[in-house]
Amino acid sequence: MSHGNQYDLSIATNTQGTADIHRLPYGIYLVTVQRQGFTVVSNTVQVGSAIPIDYAVKLEVAPVNTSVAVNAEQTLIDPDLPSSIMQIGSKQIEDRVQSLPGRSIQDLVNTQPGWLYEGNAVLHPRGSEYQTQFVIDGIPLTDNRSPSFGPEIGADDLESMSIYTAGFPAEYGRKLGGVVELNTKRNPNEGLHGQLILSGSTYDTLGGYGQLQETWSKNTLGGTASGGRSSHYLNPVVPENYTNRGTTGDFSIRYERDFDDRNRLITSVRHELSRFEIPNELVQQDAGQLQTGDNFETMGTINYQHIFSADSLGSLEGMVRDNANDLYSNDLSTPIIAFQKNDFREGYFKGTYSRHYRNQEFKAGIEVDNTFLHENFNYLITDPGQFDPGTPQTLTFIDSRPDLEQSAFVEDLIRLGKWTVSAGLRWDHYQLLLNQNAFSPRISIGRYFPSAKMVLHASYDRVFQTPSLENILISSSPQIDALSDEFLRLPVQPSKGNYYEGGMTEAFGDRMRADINVYRRDVRDFADDDQLLNTGVSYPIAFDKSVIYGAEGKLELVRLQNLTGYVSYSYMVGNVWFPVTGGLFLGDDAANALLQLNGHFPNSQDQRNTLRTRFQYQAAPRLWLATGASYGSGLPFEYGGTEADALALYGPAVVSRINFDRGRIRPLLAISASLGLDVYKSEKLNARLQLDGDNLNNRLNVIDFNGLFSGNAIAPGRSWGLRLTTSF
């Protein structure tokens, strides 16, 4: 077990008395070994690198009277951790408030300080736009994984999550607003094991997840299947929640083979899909518009590990995936009928070598990522009054191009007594619209103070972030110049930035832990996004620079008798400076972009105050209660019309949540509560029931407000959910 990593697992050894555990998050673990008639052995083991650790235990016959004292205090913080990492363990994943289909992982990440949503569960870490990457069992996915862009790998599929917003290992690049490491489930016990989860909630939401795994000899074979549907798939643009149904599906197979003590192979195949309607606002609903979208993804991965010696390990990883993203419109769509059929094929390879030498953990590697983009878009304007004069009534665009990226990295973790230093250097090469390369040094330093049970840390990250791939070809094509007599089209530059962070982690006995960080991000060619005409098709743009700074804190109650929980708070200020340095601008936007050569404006994620909390109380051995709250002080917005215009279009309920004088959305607040009951529990079969209530205060929470046809987002109202989990 590890309180710091929220990890707690019981494992039975095989007939030879051995047990293997794979992909543990780095940290300190308390290992307790017990067998009837023998003395219990309890010691701590530190996992600090990819090098396998052998831990041997010799049990002795217990005397007549035996007293065992287990102290988990040493696992609450890692004294050798040089930077801040947030952990989400299996318990928090299992007890989470039920999510709408397509966003269960995003909802968990959004509970952590420094992260917030814009519409449709798009995650924004510390003010970054579309710069989040998910690393699934070591394979990075750098495209947008929100419900309207990419199918979801559900939280029920996960064992643990590690979340970075600073102190990035040099192994990670390209998208560095935040990195979310996802470790999928694997039962370490031999035999047949499985899980079945059924759920239902408000908005006609239904979901199911099933998993089976068989482990025999040196083999493990497992498979998962999940699906969901809801009439509240995306965030609606008006409270009436027009045209918002969606369905999701996910299927995977995973095979592992330990050839011997030195060689291991892991392969997996996964297919995901989502189909959904795009919410209408009132004008579109009255016209009879129906727009739909879908995503399909098929991904195959392979990982081969070879142990060269007791202190060195080599790993080869590869992935091939096909991803398709479509948009359809009916003949009554207004002000434009739009169709899109984008897809890409990605081939990824990474080779790494890790070595433990005395007080050092060394790692080096190379990456190759080739993505072959294909874009197909066409439109027909049905309401010319919504567009600049002279805008062509029709357009057809088809183009293909490869995105070729390579990188190499080296990093070293050095333990010097109570000091820990992590130093790394990364090189990236990017070739799509531009051909650029850059070196990115990274360094993190931590100092442990045993008497105070505290770690102080500081980090510096140089980042090189490649532009978003979504519709980058159409927005950079000369063919789009015909859309307006006034246009500005610039190639989108990769973002280059300097991230700074300082903070502390402190343990209070074995019951409470505090994490406090302050940070600053200076970024040139700051990435943002814009929309093509009134279609909802987004593409990347860039501004001269941004400065984002803030402070975060999380107080985690590991246990106080039967009470556990956390409180997290984030303060952030973000500003972006003109001029624009990349992207497509048409009509008045182009004229304004050419004239606006200086000045700044608030980052679209500039929410000054964010507070989240959740506490759980074990009322009885099989019954627990939980309650939580989420508060945000509100995002800035830009609206081209007046308050009276907005009132006529959206009604008083929405406008009452908008502060036009300050240019900000009024504060958001949602209160949740849960009840969990173990209905059956034995050594072979467990069944539990969980009832969730979300936004119990039933406040109309407006997430985004951006005007007609351009992305309002309203959060769900009061909702209830019921989930049944069985495992064997």
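Below, all heavy atoms of this structure are taken into account, side chains as well, without hydrogens, waters or symmetry copies. The residues of the chain are indexed from 1 along the displayed sequence. Note that the structure is predicted; figures quoted are calculated from it, not measured.
- Judged as a salt bridge (Lys or Arg N to Asp or Glu O under 4.0 Å), the pairs with a partner in residues 476-485 (not counting sequence neighbours) are, in order, Asp481-Arg489.
- For the 3.5 Å distance criterion, the side chains of His271 and Glu297 fail to qualify, holding no donor opposite an acceptor.
- In terms of the salt bridge (Lys or Arg N to Asp or Glu O under 4.0 Å) criterion, Asp588 has no residue partners (sequence neighbours excluded).
- Taking Tyr500 as the reference, Tyr460 meet the ring pair (Phe, Tyr, Trp, His ring centres under 6.0 Å) condition, with sequence neighbours excluded.
- Residues passing the ring pair (Phe, Tyr, Trp, His ring centres under 6.0 Å) test with Phe637, sequence neighbours excluded: Phe660, Phe705.
- Among residue pairs with one or both ends in residues 589-610, those qualifying as salt bridge (Lys or Arg N to Asp or Glu O under 4.0 Å) are Asp606-Arg608, Asp606-Arg664; sequence neighbours excluded.
- Side-chain atoms of Arg462 and Asn498 form a donor-acceptor pair, as typed in the model, at a separation below 3.5 Å.
- One side chain, Asn330 or Ser333, offers a donor N or O that lies under 3.5 Å from an acceptor on the other.
- Without hydrogens or angle criteria, Glu375 side chain to Ile474 main chain gives a donor-acceptor distance under 3.5 Å.
- In this structure Tyr203 satisfies the ring pair (Phe, Tyr, Trp, His ring centres under 6.0 Å) test together with His232, sequence neighbours excluded.
- Side chain of Gln285 to backbone of Glu240: no donor-acceptor contact under 3.5 angstrom is found.
- Centroid-to-centroid, the aromatic rings of Phe543 and Phe526 stay 6.0 Å apart or farther.
- Checked against salt bridge (Lys or Arg N to Asp or Glu O under 4.0 Å), Arg245 has the following partners two or more places apart in sequence or in another chain: Glu277.
- Side-chain atoms of Val655 and Glu643, non-hydrogen and from C-beta on, do get closer than 4.5 Å to each other.
- Judged purely by distance below 3.5 Å, without hydrogens or angles, the side chains of Ser230 and Thr205 pair a donor atom with an acceptor atom.
- Partner of Arg321 under the salt bridge (charged side-chain N to carboxylate O under 4.0 Å, His left out) criterion, chosen from Asp343, Asp369, Asp143: Asp143.
- Two residues are said to be in side-chain contact when any heavy atoms from C-beta on lie closer than 4.5 Å; Asn120 and Tyr233 fail this criterion.
- Identified under the salt bridge (Lys or Arg N to Asp or Glu O under 4.0 Å) test for residues 391-405, with sequence neighbours left out: Arg174-Glu405.
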Donor-acceptor list for residues 431-440 side chains, cut-off 3.5 Å, not counting sequence neighbours:
| residue | atom | partner | partner atom | Å |
| --- | --- | --- | --- | --- |
| Asn435 | OD1 | His429 | NE2 | 2.7 |
| Gln436 | OE1 | Lys496 | NZ | 3.3 |
| Gln436 | NE2 | Gln493 | OE1 | 2.7 |

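- No more than 12 heavy-atom neighbours from other residues, nucleotides or ligands sit within 6.0 angstrom of CZ on Arg345.
- Every residue two or more places apart in sequence or in another chain was checked for a ring pair (Phe, Tyr, Trp, His ring centres under 6.0 Å) with Phe409, and none qualifies.
- When the side chain to side chain donor-acceptor pair (under 3.5 Å) test is applied to Tyr117, the partners found at least two apart in sequence or on another chain are Asp107.
- Annotation: side chain to side chain contact (heavy atoms under 4.5 Å, CB included) contacts of Arg275 (sequence neighbours excluded): Thr247, Leu273, Asp294, Phe296.
- Looking at Ile548 and Asn603, their side chains come closer than 4.5 Å, going by heavy atoms from C-beta outward.
- Between Asp461 and Tyr164 there is no side-chain heavy-atom pair separated by less than 4.5 Å.
- Between Val702 and Asn712, the closest side-chain pair of non-hydrogen atoms is not below 4.5 Å.
- Contact record, Pro279 with Pro236: CB-CA, 3.9 Å, taken as the closest heavy-atom pair.
- Looking at Thr581 and Asp544, their side chains never bring a donor and an acceptor atom within 3.5 Å of each other.
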